[in-house]
Structure formats: C-alpha cells, structure tokens
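Computed from a predicted model, the values in this text were never measured in an experiment. Below, chain A is the first sequence line, B the second, and so on; all start at residue 1.
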Amino acid sequence: MRLKCPVCGERDRREFYYVGDAVALARPDPDAGEAAWDDYVHNRDNPAGVTRDLWQHEAGCAAWIVVTRNTVSHEILETALAADVKRAMS
Amino acid sequence: MILKGVRHVVNLLATSPANGLLPTSRSGVSLNELALGQLTSVAPFEGQIVAVEALLGMVLPKAGRTVGKLGAELVWFSQGQYLAIGFDVDDAVKGKAAITDQSDAWCALEIKGDKSEAVLARLVPVDLRAATFKRGHALRSQLGHMPLHITRTGKDVFRLLSFRSMTGTMVYEISRAMDLLDARG
Ligand SMILES: [Zn+2]
C-alpha cells in the first residue's frame, strides 16, 4: 500500500503511523454532555467501504494526514493535511 | 573547587560520530564520513517566513529541495523545518523562528560511486534514481528501520543524515548492503 503525503508525495506504507478514525479532529466542547463525549471517546463505525483515518508521516515530514480510503478495494481516495482539514472545519 | 587550565584538566578531543568506523569501499562505491560543522534547525513561526528569509539573506527551499552552497546551505528538513548547514544562524532569527543547535545530534555520511544508487535501493523505500531524485533534491525517509535525511549532492553522490546515536548501525547496514551487492559481482 502506498499513501500520498501532501508534502512529500507518494510513499511506502511503512513510513506512516496509523492512528485511527479522523474523529479526533472533531473534539466536543468540554461541556458538550456525556452522550457527545461517550460517542467521541468510545464509538466507532467499522465500515466495509469508505473510511476516514488519521495517519502520521512519521518517517517522513511528520505531517498529520487525513486519509480517505476504501477498506474493501484498498483504494486510496484522498489525502489531505490534517491542519488544512481542521482549519476548514472551523 | 575545580581547578581549570591544562595543568589540571586534560585537553578534551572531539571525536566524530563514525570515528574509527570509516572510510570503507567496495567496487564502484565508497562510504565516508562528512564534517558538516555547525548545524541548526530553523522552524519559522506562523507568518514569519519572509522575516526569517530576510534575516538569513536566503530564500528558504521548497519541500524536498536545498538552496545555497557548501558552507552556507539551507536544506528542507521536515514539515515547516529547515536545516542550516555550515554557518552560524544570526541570533536575531530567534524571535522569528524556533532554532536549535543540532551540530552534535547527527551523523553525516557520504556514499559515492556508480553503484551508490543500487546500494541505497536495498535500504531506502523511495526511488532515488537520477530521473526523479536530482542533484539538490532532499527528502526524509528511512534507512532500514532508522530515520534518514538524504540529499543528492552530485551525479553519483549522496549525503546521508541519521541520528548520531545510531551511527554504528547506520555504518553496519550500509556496509552490509555494499557487501551483498559486491557479492553479486
Ligand atoms: Zn510527508
């Protein structure tokens, strides 16, 4: 598997560290309530299909990257700097 | 009380990271250590790139590139970070960027010769052939399992940087790849 780092270009999977669901970019407000926090901390979908994960280009430029990929076909659909994604959310 | 001066304290001699390990060579490829002098990482604060460039008197390189010449070189080092090689970074830059002395943190090696690409192909998971990785190009990747910063400094010449503490492993890994390639004739 190869991932396209927005800074470095396409690289081997071994250079990246996998973190998990990109939900970490949508941290609730401290007073959002138990349900929102329970959902944020514990609940994840496990889709057969398109998923959005956070990866880090650990052995490269150290950027955090949001990777949209298909868990069935292993196709990489999109990669974007997490900083850019977060900025666009706010 | 500690008495200072040559009568009381031995003169300390600096040893390079790969002291006693190099140079080494095989047919078509040689490996030696580089003395790069002062190394400083420069990470400009948000919105301060132009100010940093003005203070350095140099334009910062794009991702994956180097600028300047021997003794006054700036290389792309990581996301938003650059390495100044071979010169003192002016104190005035401190207010505009995070700067850290890296002089004793890295081991710098040079691999040279027409088989250097073939040796590196066994260790680095990036295409380093001249068609895609040209003179003055730089990138961060891995050498085996070690962190690596690599620059193509000439037609068949590469500069390799890894953590100083891993120098022995670095030399061993590259020497072994040189041996295995050599054995194939
Ligand atoms: Zn990268």
### Message
Looking at every heavy atom in both A:R11 and B:S141, which two are closest together, and how far apart are they?
### Response
NH1-CB, 4.0 Å

### OH/A:Y17: more than 12 non-hydrogen atoms of other groups inside 6.0 Å
no

### Task
Please round to the nearest 0.5 Å and tell me the distance separating atom CZ of B:R140 and atom CD of A:E15.
11.0 Å

### Minimum heavy-atom distance A:C61-B:S78, with the two atoms named
O-OG, 2.8 Å

### Query
Where do B:Q142 and A:A59 come nearest, in terms of heavy atoms and distance?
CG-CB, 3.4 Å

### Message
Quick check: is B:L74 connected to B:I150 through a chain of hydrophobic side chains (ILVMFWY, heavy atoms under 4.5 Å apart)?
### Response
no

### Query
Under a 4.5 Å side-chain heavy-atom rule over Ile, Leu, Val, Met, Phe, Trp and Tyr, are A:I65 and A:V23 clustered together?
no

### Message
Applying a strict under-4.5 Å side-chain criterion to I, L, V, M, F, W and Y, I'd like to know whether B:V42 and B:L39 cluster together.
### Response
no

### Message
Between B:P125 and chain A, with a heavy-atom cut-off of 4.5 Å, which part of the residue counts as in contact: side chain, backbone, both or neither?
### Response
both

### Query
Side-chain heavy atoms under 4.5 angstrom apart, residues restricted to Ile, Leu, Val, Met, Phe, Trp, Tyr: same cluster for B:V67 and B:V93?
yes

